[in-house]
Amino acid sequence: SDVKPTVTQCVGPVYRSEDQKPTAVVSTGVEFDTVTILPQTPQLIALLSIIRNKNTQRGDFIFYSNRIIRLLVEEGLNHLPTVEHTVTTPVGRPYGGLAFQGKICGVSIMRAGEAMEQGLRECCRSVRIGKILIQRDEESSQPKLFYDKLPEDIADRWVLLLDPMLATGGSAIMAVDVLLSRGVPEERILFLNVLASPQGIQNFATKFPKLRLVTAFVDQGLDEKNYIIPGLGDFGDRYYTM
Ligand code: URA
């Protein structure tokens, strides 16, 4: 009932006619203008097809999910504020460009979110990165905050929150609550995510209407164990152990 129908579309560059393009299942759309879904390009769909495949071994899973994470970071940086910035080139001419405005930091939701730290470091030299550990409480089966280590001046920074999987949204919502409690304004948080469920997007984006979310793909739904379907299994297990 909560599982959305798949959207199958021709995928390829605009200059090819539809009958020259293969079809593939692309991301479900969403109604929130705070949510950006990466363009469903042949490259992205091919990368996702590798990491979704249960036969993909750990080395390839790491390599290809890192590729997708890099695409997410590159897109995410476009949502940070910039100011006009003119520089002088070596030939003595001015170039009217831009500079990023304000400091940033990363915050990963452990353990799977730590897999996204390297992609952020590759794009943002010597970026500060904090961590939040949230796990399901055995008794209440609700997410519980176990540990956090965040930059002291986090309230003065833009925060790139990192978690590859957005299932029910429980952990991500709790992580944002922690950031808000440290004085980070909602509109200065940017959530970077590889794969989301429609329910996760709905819960998260409704709770935080000023927070931007960038995801590579919104999937069909959740199974009875709250795994994303069709999904890719347990991201942390596949990245760190399997
Ligand atoms: N976390 C995962 O690693 N996989 C899912 O499908 C959902 C949450």
Side-chain angles (χ1 to χ4, degrees), residues 1-7 25-28 30 35 37-38 44-45 47-69 71-73 106-120 131-138 140-147 160-178 191-205 207-208 213-242:
S1 59
D2 267 357
V3 175
K4 300 238 172 172
T6 55
V7 188
V25 175
V26 298
S27 175
T28 303
V30 298
V35 176
I37 303 171
L38 290 187
L44 177 65
I45 299 294
L47 294 170
L48 282 164
S49 304
I50 295 170
I51 68 166
R52 286 176 183 279
N53 186 343
K54 67 174 183 174
N55 295 321
T56 296
Q57 297 300 303
R58 179 162 173 251
D60 279 343
F61 186 86
I62 293 171
F63 183 88
Y64 293 104
S65 39
N66 286 349
R67 291 279 319 278
I68 297 170
I69 289 161
L71 296 173
L72 283 168
V73 173
V107 171
S108 60
I109 303 180
M110 294 161 75
R111 144 188 81 156
E114 292 174 295
M116 301 176 74
E117 294 179 2
Q118 192 55 37
L120 180 59
K131 292 177 193 288
I132 291 179
L133 176 62
I134 292 161
Q135 280 179 340
R136 200 163 298 282
D137 184 72
E138 295 295 336
S140 67
S141 85
Q142 292 300 305
K144 185 178 164 191
L145 175 67
F146 276 82
Y147 168 83
L160 301 177
L161 183 63
L162 311 173
D163 192 354
M165 304 297 277
L166 178 65
T168 61
S171 306
I173 288 170
M174 177 160 285
V176 171
D177 283 335
V178 172
F191 181 29
L192 302 183
N193 167 255
V194 174
L195 191 56
S197 75
Q199 299 91 322
I201 296 270
Q202 176 77 34
N203 294 340
F204 188 85
K207 179 109 200 268
F208 304 117
L213 190 164
V214 180
T215 186
F217 203 100
V218 182
D219 243 2
Q220 269 186 278
L222 296 172
D223 72 5
E224 58 291 344
K225 290 175 163 170
N226 285 335
Y227 275 88
I228 297 173
I229 54 172
L232 52 75
D234 187 303
F235 189 98
D237 281 355
R238 297 193 66 191
Y239 198 96
Y240 288 112
T241 66
M242 280 171 84

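Note that the structure is a prediction, hence the values are computed from the model and not measured. Ligands are counted one by one from 1 in listed order, and the atoms in each one are counted from 1 as well. Values reported hereafter were calculated over all heavy atoms of this structure, with side chains retained and with hydrogens, waters and symmetry mates removed.
- The stretch residues 229-242 participates, sequence neighbours left out, in these side-chain hydrogen bond (donor to acceptor under 3.5 Å, both in side chains) pairs: Asn66-Tyr239, Arg111-Asp237.
- One N or O on the side chain of Ser197 and one on the backbone of Ala167 form a donor-acceptor pair closer than 3.5 Å.
- Annotation: side chain of Leu166 is in contact with side chain of Phe191 (closest heavy-atom distance under 4.5 Å).
- To the nearest 0.5 angstrom, Leu195 atom CG is 6.5 Å from Thr215 atom OG1.
- Using a 4.5 Å heavy-atom cutoff, the side chains of Leu38 and Leu72 are in contact.
- Protein neighbours of ligand 1 below 4.0 Å, counting non-hydrogen atoms: Met165, Ala167, Asn226, Tyr227, Ile228, Gly233, Asp234, Phe235.
- In this structure, Leu222 and Gln199 approach most closely via the heavy-atom pair N-NE2, 3.8 Å.
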